[in-house]
Amino acid sequence: MKDELLSGRSRRGPVVGNRYLEVRCDLPAGTFSIANRATGLPSLARCSSVVELGEPLSLTLSTADAGFRRDFDVEQMRDEHGSGRLLTLSAVPAAGHPELRLFVTVYDEHPFVLLQSELSNTTGRPLSVGSLAVLRTASSGRARLRMGSRASRWRFYRQGWQSWSPVRSLSAREEDLFAVATVLGPYPPTQQGPGRFAAEELGLLHDAGSGASLLAGFITVRDRVSQVRLDTTERTLEAWCDAEGMELPPGERLRSEKLMLDLEGLPLDALERYGDALGREMGARVPAGQATTGWCSWYRYFLGVTEEDFLKNLRFLAQHREEFPLDYVQLDDGYQADIGDWTSWNEKFPHGPAWLARQIRDAGFKSGLWLAPFMASSTSALYRDHPDWVVRRRDGRPALAMRNWEKDCYGLDCSRPEVLRWIEDLFRRVTEDWGFDYVKVDFVFAAAIQGVRSDPQVTRVQAYRRGLEAIRRGVGERFVLGCGALMGPSVGLVDGMRIGPDVAPTWRYPDAPPGLRFLDSMPAAENSLRNTLTRFWTHRRLWLNDPDCLLVRDEATALTLDEVRTLAAAIGLSGGMMLSSDDLTALPADRRELISLLLPPFEETARPLDLLGGGTPRLFELSIGRPFGNWWVVGLFNWRDRRASLSCALPPGRHHVYDLWSDRYLGVREGSLTVDGLPAHGSAVLAVRPDTGMPQVVSSTFHITQGGIEIEDAHYDDRRRRLELSLRPVVKKEGSALIHVPPGLRERPLTEGPPGASLRRRPDGLLAVRLALRRPTRLVVQFEPA
Ligand code: 9PG
């Protein structure tokens, strides 16, 4: 059996593989090598699995240690990812030491391999376990990590700890992103120097020279803080799980999280495969249908929000339901007596929670409420009454989770059953007694901070998940939006997830002290936008992405119209949640239209084509396929502080290109395209459609997708020289279908269309059919020889 399941067997040990990759074991050496089968790159040679043990043994155990007796086994397997083979390598040491095991799964149909390590305490005494490094590549000689070219051609995309952690790719010349503990990263940052990176849960290395990609990511994150560490100067990679010095009793086993190594092809595809696998393993909750929409009080009223501000917007929404058919109306921070005291509402909300939720319901919307349920401020009644409920430092003092609201805030100790009961009861009260349908649970990273918890056998990630599970028990199937929330550990427990730093009515964070290293994560439109693009792959795989609110106002803002449009373009093309956060009563008509242009959210997701290029991606491409035709909507973003020209490659063939923001027809293009003079922080939203040589739609201005929702059918009947369109109403009612008419034809007056529809030739030659789309509409344009 063993032999049949092997792909081969070398003199030194078993080999398993599939058509994409190969894993070769060297039993005498205790190492394994993994490489792409077709190209040999990436190549990770002579890897080992390593465990760090704490007191009393204080030693590093590696599968490659001398003195081990090593063996292997192979079996056929099948799990949620598919069928394949499981290779088990065991390293059995001399008496008195624990055993190490490595599980290697190769699937028949996937270009990735899964690795998981296990420590068995066969010593007869308790062990303390520091960490489990599932994978450590060779640190010297020819066996070091190979991608094909010099490390100067490498770029590393790295996942961040939580919602607000900045995410982008970095070159070997750059320093790692600065993830200040306790908020943005799991540990106090260390000064590592350029080219040394520690990614949370997932890192993707791409070699621009060879085109090779290597994704290393944990597809379970239920128990341990897990990192992928890359050193481009040493050319080493390590995938590592923190065991927090926990005790492993004699006879028991401890496993690492499951690591995926993907060695194939295009970086964006690899990220999507990783998201799919993580979602499958962790049981992702992904609400079906269009992404959630709503209105949120925070980015207009901030802490000053009053009941009257809120009701004013609620009334406006009720009166303009057609224009703003939003699902939820959500109250954010500012109602509570203190952080932790969620059931005492302050004097700005005289009627209290149940009354407010009822107003929202009665107005015909679902109601949402913000809470920071895992935090307690030093001044709160919660902390006064339960000082023992917070995570502590070793010296016994409460550990600071964060300073905010001009207060010291602590993290709740979710290893305590009484804390979990309090959380569950709180959320049952919020939903069942008060009547809220949606909760935004914010600053939840606070449950996972480093520190001492009452149950020393509960890890940071386990405590965090127990807290989220308690929320879930309290709210049932209602919508939970995670915010300030850990990435992997939240999968399966939240429905929606904030995937970036806060947006703000300013482009860049204004008064940063010089040298502030976490500028990338401060509230600013620019920072929020970056992650909307770079975390595209989590949407609908792990949850619904919340790219944060759309701000379109022209009062109480420093954003220019170009910046507002850029925000709308990124949110709209992302397909993510669409939450508005303006004083709606103060919006002029042209700004209101920017909200309706994004409604309903499109069900597919754009991809940042240059994610592994430098800086923030400039190309965000949505591909739309319909029975009547395929097209692309391409967001082109100018992140620079001055006017710039931006280019993008086009698919093969001739294409009509139209830019929605400038209302410009760019003509028929082939090969590539340059948009000149994009304003600072501005964007273009290009509809790119293959040229049919016949009359055809080049854009529709009712929705950001330029036809993705409103065009049900479009075809040209060559024999009768008729262009026939079936349109269905969307939220924006007034707009145009823009039609290209090839030379030799001219239009006749409209034969079929809604009353009031008009035909006009634009100076650029496009035929504009202006119409109001209030019901399903058929439009027929008749042509004749010119
Ligand atoms: C309410 C807000 C909004 C917002 C959340 C969160 O100091 N900080 O690092 C910090 C980060 C984020 C933040 C506030 C402070 O915003 O993302 O949508 O709900 O809380 O206080």
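One-based numbering, in listed order, for ligands and for the atoms of each.
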Could you check whether any heavy atom of [X] sits closer than 4.0 Å to an atom of ligand 1, since that is the contact criterion I want to use?
X: Arg498; answer: yes
X: Val183; answer: no
X: Tyr299; answer: yes

Report, in ascending order of atom number, the atoms of ligand 1 lying under 4.0 Å from any heavy atom of [X].
X: Lys440; value: 3 (C), 4 (C), 18 (O), 19 (O)
X: Asp332; value: 1 (C), 3 (C), 19 (O)
X: Cys483; value: 5 (C), 17 (O)
X: Trp370; value: 19 (O)

Problem set entry | Trp164/Phe443 aromatic ring centres below 6.0 Å |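 Here the rings of Phe443 and Trp164 have centres that are less than 6.0 Å from each other.
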
For this session: Kindly say whether the aromatic ring centers of Trp537 and Tyr274 come within a distance under 6.0 Å.
Result: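 Ring-ring flag for Trp537/Tyr274: true, centres closer than 6.0 Å.
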
Nearest-contact summary for [atom] - protein heavy atom, Å:
atom: atom 21 (O) of ligand 1; result: Asp333 OD2, 2.6 Å
atom: atom 14 (C) of ligand 1; result: Phe443 CZ, 3.6 Å
atom: atom 17 (O) of ligand 1; result: Asp502 OD1, 2.6 Å
atom: atom 15 (C) of ligand 1; result: Asn404 ND2, 3.6 Å
atom: atom 10 (C) of ligand 1; result: Met402 CE, 3.8 Å
atom: atom 20 (O) of ligand 1; result: Asp442 OD2, 2.8 Å

Problem set entry | Partner residues of Trp370 under the ring pair (Phe, Tyr, Trp, His ring centres under 6.0 Å) criterion, sequence neighbours left out | Trp342

For this session: Can you measure from NZ (Lys440) to CZ (Arg498) and round to the nearest 0.5 angstrom?
Result: 5.5 Å

For this session: Using the six-membered ring wherever Trp is involved, compare the ring planes of Phe436 and Trp434 and label them parallel, tilted or perpendicular (cut-offs 30° and 60°).
Result: perpendicular

For this session: Answer yes if the side chains of Thr379 and Lys407 hold a donor-acceptor pair under 3.5 Å, and no otherwise.
Result: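 Thr379 vs Lys407: donor-acceptor pair found between side chains.
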
